[in-house]
Amino acid sequence: MPLRIGYVREHFSSPLLQFSEDDQDKTFTLVECPSGTGQLISRLTKDEIDVAIALTDPLISGIANGSKAYKLVGRYVSTPLNWAVITGIDSKYNSIADLKDTTMGISRLGSGSQTMAYVMGLQQNWPSEDLKFKINNDIRGLIDSVNDNSSSAFMWEWFTTKPFADAKECRFIGSVPTPWPSWLIAAQPKTDAEELKAFLSKLSTYVAAFDSAESRASRNVEFIKSKFGYPEEDIQAWMKTVGYPSDCFGHRVNGDQRHIEAGVVKSPEGGFKIDDFVDSGVAKLL
């Protein structure tokens, strides 16, 4: 039975989409999760997918908060993610500081949009218990919420949201980059290790090809334009900020420590055990 791979259909997924086009559902099928990492974690928990390519922060915090539904098996994007802070086109908010004591829109509980709101609050010295949230499910619901004033702002990846800002549906009032590499790969513990290794090995070849200088010069631009409709200048700007790993098997242990430092998770007495987070039968510890 082919692996069920959960993903978010964004430009970051381009190497995965290229792999899928060539694989033709022989070894894996794609399961789109438009609501983001919160939905991916939910589907892992419900056994609706075997593997998730998802944002680092919610994956780490999910395990730290007790989830046994998945472990980390690899890495996907090695650079930080730039989260835009977005408000309504006619809202009264013009800076991150204006958002203190307001209600932030999020896609789901435990999502990247919620986790990064906590990171932003930490940077602004806002008490985490003061943060309030409204669940809006997806990008469309989030944009509607900031325009009907039921939430003050929300956070989403910069270039994914830029077309909506260009169309005057919302406004950017700031940004918050993640203090860690942005995308990891997680799998249910019961997933066959050899199938996972085969998937990660082949995915690594597509990631390496996508990250090559030759592909960056032309092929990537045309692929992303055809799949997502982004303007060429936005694609070129994004590619200057993104980096992919040399292979998809590794996991950097110090990245988990950064989540503690950022306030995303709280370390228990005695600290965390790496085996709680990482399937060392598949991933290589770096």
Side-chain angles (χ1 to χ4, degrees), residues 2-33 36-37 40-41 43-44 49-60 62-63 70-81 112 157 178 180-216 219-220 223-224 238-239 241-256 258-259 274-275 277-286:
L3 289 172
R4 301 166 297 172
I5 310 296
Y7 81 111
V8 182
R9 193 179 181 279
E10 294 178 353
H11 43 293
F12 290 95
S13 297
S14 294
L16 175 68
L17 294 175
Q18 292 169 347
F19 182 9
S20 177
E21 287 180 358
D22 290 344
D23 186 75
Q24 293 291 301
D25 294 340
K26 292 185 183 70
T27 65
F28 70 94
T29 57
L30 291 180
V31 180
E32 187 173 350
C33 297
T37 298
L40 285 160
I41 291 173
R43 286 189 161 177
L44 281 170
I49 56 175
D50 304 301
V51 178
I53 299 178
L55 293 176
T56 298
D57 18 316
L59 287 176
I60 295 288
I63 296 172
Y70 60 90
K71 285 190 175 183
L72 306 176
V73 296
R75 54 185 178 162
Y76 185 64
V77 175
S78 55
T79 46
L81 191 74
E157 195 272 330
T178 61
W180 44 71
S182 52
W183 294 80
L184 296 177
I185 303 171
Q188 290 195 55
K190 69 177 184 178
T191 307
D192 184 86
E194 295 308 311
E195 287 186 47
L196 277 174
K197 290 177 182 178
F199 170 76
L200 292 170
S201 178
K202 197 64 180 291
L203 178 62
S204 295
T205 66
Y206 282 86
V207 164
F210 186 83
D211 203 36
S212 70
E214 182 180 359
S215 291
R216 283 175 175 271
R219 182 173 182 239
N220 292 357
F223 184 84
I224 294 171
W238 170 71
M239 286 197 299
T241 70
V242 71
Y244 287 83
S246 56
D247 69 68
C248 295
F249 284 96
H251 177 71
R252 294 195 179 278
V253 178
N254 67 343
D256 303 336
R258 282 184 228 150
H259 286 77
I274 192 62
D275 287 342
F277 288 83
V278 180
D279 185 344
S280 55
V282 178
K284 296 184 298 186
L285 298 181
L286 304 175

Please determine whether side-chain contact (heavy atoms from CB on, under 4.5 Å) holds for the pair L16 and I53, giving the CA-CA distance in whole Å, both sets of side-chain angles, and the decisive distance to 0.1 Å. CA-CA 9 Å; L16 175 68; I53 299 178; 3.8 Å; yes
After noting the C-alpha distance and the side-chain angles of R4 and R43, does the key distance pass the side-chain contact (heavy atoms from CB on, under 4.5 Å) rule? CA-CA 10 Å; R4 301 166 297 172; R43 286 189 161 177; over 6 Å; no
Hey, mind stepping through Q188 and I49 against side-chain contact (heavy atoms from CB on, under 4.5 Å) and telling me if it holds? CA-CA 8 Å; Q188 290 195 55; I49 56 175; 5.9 Å; no
Can you list the steps and then say if V282 with T191 is a side-chain contact (heavy atoms from CB on, under 4.5 Å)? CA-CA 11 Å; V282 178; T191 307; over 6 Å; no
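Checked against L184 for a side-chain contact (heavy atoms from CB on, under 4.5 Å), the options V77, D57, L59 give a single hit: L59. Checked against F19 for a ring pair (Phe, Tyr, Trp, His ring centres under 6.0 Å), the options Y7, Y206, Y76 give a single hit: Y206.
Counting all heavy atoms, side chain and backbone alike, A283 lies closest to G74 at CB-N, 4.4 Å. Of all non-hydrogen atoms in L30 and L17, the two that sit nearest each other are CD1-CD2, 3.8 Å. The shortest non-hydrogen separation linking S280 to D275 is OG-OD1, 4.1 Å. Nearest heavy atoms, N220 versus M239: CB-SD, 3.6 Å. The nearest pair of heavy atoms linking P245 to S78 is N-OG, 3.9 Å. When all heavy atoms are compared, the tightest approach of I41 to P58 is CD1-O, 3.6 Å.
Between L3 and D192 there is no side-chain heavy-atom pair separated by less than 4.5 Å.
Between atom CG of residue L55 and atom CH2 of residue W183 there is a gap of 4.5 Å, rounded to the nearest 0.5 Å. From D23, atom CG reaches atom CD of Q18 across 13.5 Å, with rounding to the nearest 0.5 Å. Distance check, rounded to the nearest 0.5 Å: CD1 of I185 to CG of L72 gives 10.0 Å. Atoms CG and CG, from L196 and L203 in turn, are 11.5 Å apart once rounded to the nearest 0.5 Å. Rounded to the nearest 0.5 angstrom, F249 CZ and L200 CG are separated by 5.0 Å.
With ring centers used as reference points, W238 lies under 6.0 Å from F12.
Between the side chain of S13 and the backbone N or O of V8 there is at least one donor-acceptor pair closer than 3.5 Å. Using a distance-only test at 3.5 Å, with no hydrogens or angles considered, a donor-acceptor pair links the side chain of R75 to the main chain of D247. Without hydrogens or angle criteria, T37 side chain to G112 main chain gives no donor-acceptor distance under 3.5 Å. The backbone N or O of T79 lies less than 3.5 Å from a partner atom in the side chain of S182, making a donor-acceptor pair.
In this structure K190 satisfies the salt bridge (Lys or Arg N to Asp or Glu O under 4.0 Å) test together with D47, sequence neighbours excluded. Partners of D211 by salt bridge (Lys or Arg N to Asp or Glu O under 4.0 Å), not counting sequence neighbours, listed by chain and number: R216.
Atom CZ of R9 has more than 12 neighbouring heavy atoms from other residues, nucleotides or ligands inside a 6.0 Å radius. The number of heavy-atom neighbours closer than 6.0 Å to CD of E214, taken from other residues, nucleotides and ligands shown, is 12 or below.
For residues 195-207, every residue pair satisfying the salt bridge (charged side-chain N to carboxylate O under 4.0 Å, His left out) rule, not counting sequence neighbours, is listed here: E194-K197.
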